[in-house]
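Notes follow the structure.
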Amino acid sequence: MLRTGILNPNINSLLSRVRHTNTLVIADRGFPYWPMIETVDITLVDNIPSVTDVLEALRPNFIAGKCWMAREFQEMNDAATVARFTSLLPPVGWEPHIDFKKRVPHAIGLIRTADTIQYANVILESA
């Protein structure tokens, strides 16, 4: 029985299949459903868990070399929120949300959170 680290078996299974340069999406609760991508939905109630909760949990065992977020995230959220996210990520490639969503179908999987922050979606590329 696992006693530390990520205990969710579906997330562990998904993470074990991510290889070098594969991508993983961590999404807020409003992110569209993508039927062609394995989705692990871990929503409970508003903001539990959040995208940053998932990013913090992944950090010990998931090395991201690159990441992308929608430029709209910077425009719609205050500086403290942007700083909180960017402190948990490698340098962020900011792009329009429409371009961000074009990357999603190439991901190995998606973890959907209960985050209510606007445009709080991240695509991580495994290093």
Side-chain angles (χ1 to χ4, degrees):
M1 179 173 119
L2 295 174
R3 295 181 59 166
T4 62
I6 295 174
L7 304 175
N8 182 296
N10 295 323
I11 293 175
N12 276 330
S13 173
L14 177 60
L15 292 175
S16 70
R17 288 178 273 124
V18 176
R19 300 289 186 249
H20 180 63
T21 72
N22 288 150
T23 57
L24 176 68
V25 180
I26 314 297
D28 62 27
R29 75 175 192 182
F31 201 71
Y33 176 68
W34 296 77
M36 71 289 278
I37 298 172
E38 179 180 354
T39 299
V40 179
D41 190 322
I42 57 174
T43 58
L44 184 59
V45 297
D46 282 354
N47 297 307
I48 299 174
S50 67
V51 170
T52 55
D53 291 335
V54 173
L55 292 172
E56 287 174 348
L58 291 179
R59 284 183 91 173
N61 296 306
F62 187 93
I63 308 300
K66 297 180 185 177
C67 75
W68 295 269
M69 291 186 76
R71 186 175 299 134
E72 290 85 344
F73 175 81
Q74 291 177 301
E75 298 165 2
M76 299 299 293
N77 295 290
D78 61 36
T81 301
V82 174
R84 172 86 174 113
F85 273 73
T86 56
S87 72
L88 297 170
L89 297 167
V92 177
W94 300 101
E95 60 189 1
H97 189 61
I98 192 98
D99 293 337
F100 175 90
K101 289 199 299 188
K102 290 176 184 174
R103 294 181 185 275
V104 173
H106 305 288
I108 296 296
L110 186 151
I111 300 171
R112 181 174 175 255
T113 72
D115 212 317
T116 59
I117 295 172
Q118 291 188 32
Y119 298 98
N121 308 297
V122 179
I123 298 175
L124 302 171
E125 183 180 86
S126 179

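Throughout, numbering of the chain's residues begins at 1 and tracks the sequence.
Two different hydrophobic clusters hold Trp68 and Leu58 under the rule that ILVMFWY side chains link at heavy-atom gaps under 4.5 Å. Criterion: ILVMFWY side-chain heavy atoms under 4.5 Å apart, direct or through other members. Under it, Val92 and Ile123 are not part of a common hydrophobic cluster. Val104 and Leu89 fall into different hydrophobic clusters, where Ile, Leu, Val, Met, Phe, Trp and Tyr side chains are chained together by heavy-atom contacts under 4.5 Å. Leu15 is not connected to Val25 by any chain of hydrophobic side-chain contacts under 4.5 Å among Ile, Leu, Val, Met, Phe, Trp and Tyr, and they are in different clusters. Leu110 and Phe73 are assigned to two separate hydrophobic clusters, defined by single-linkage of ILVMFWY side chains at heavy-atom distances under 4.5 Å.
Screening Asp46, Asn47, Asp28 for a side-chain hydrogen bond (donor to acceptor under 3.5 Å, both in side chains) with Thr116, the sole residue that qualifies is Asn47. When each of Asn61, Val54, Leu14, Ile11 is checked for a side-chain contact (heavy atoms from CB on, under 4.5 Å) with Ile6, only Ile11 meets the rule. Of the options Leu124, Thr23, Ile108, a side-chain contact (heavy atoms from CB on, under 4.5 Å) to Val18 is made by Ile108 and by none of the others. When each of Lys101, Arg103, Lys102 is paired with Glu95, the side-chain hydrogen bond (donor to acceptor under 3.5 Å, both in side chains) condition holds for Arg103 and for no other.
We find the CG-CZ distance between Asn12 and Arg17 to be 11.0 Å, quoted to the nearest 0.5 Å. Here the straight-line distance linking atom CG of Leu55 with atom CZ of Phe62 works out to 10.0 Å at 0.5 Å rounding. Rounding to the nearest 0.5 Å places CE of Met69 at 11.0 Å from CD1 of Ile26. The distance from the CD atom of Glu75 to the CD atom of Gln118 is 11.0 Å, given to the nearest 0.5 Å. In this structure, Asn121 CG and Phe100 CZ are separated by 5.0 Å, a value rounded to the nearest 0.5 Å.
Relative ring orientation between Tyr119 and His97 is described as perpendicular, the plane-to-plane angle rising above 60° on a 0-90° scale split at 30° and 60°.
Residues meeting the side chain to side chain donor-acceptor pair (under 3.5 Å) test with Asp41, sequence neighbours left out: Thr43, Arg112. Residues that satisfy the side chain to side chain donor-acceptor pair (under 3.5 Å) test with Ser50, not counting sequence neighbours, are Thr52, Asp53. Not a single side chain to side chain donor-acceptor pair (under 3.5 Å) links Glu72 to another residue, sequence neighbours left out.
Between Ile117 and Thr81 there is a side-chain heavy-atom pair separated by less than 4.5 Å. Taking 4.5 Å as the limit, every side-chain heavy atom of Phe85 sits out of range of all side-chain heavy atoms of Asn77.
The heavy-atom pair separating Trp34 from Pro105 by the smallest distance is CZ3-CG, 3.6 Å. Here the closest heavy-atom approach between residue Gly65 and residue Pro90 is recorded as O-CB, 3.9 Å. Among all heavy-atom pairs drawn from Val122 and Cys67, the shortest one is CG1-CB, 4.2 Å. Of all non-hydrogen atoms in His20 and Ala127, the two that sit nearest each other are ND1-C, 3.0 Å.
Side chain of Thr113 to main chain of Ile111: no donor-acceptor pair is present (N/O by atom type, distance under 3.5 Å, no hydrogens or angles).
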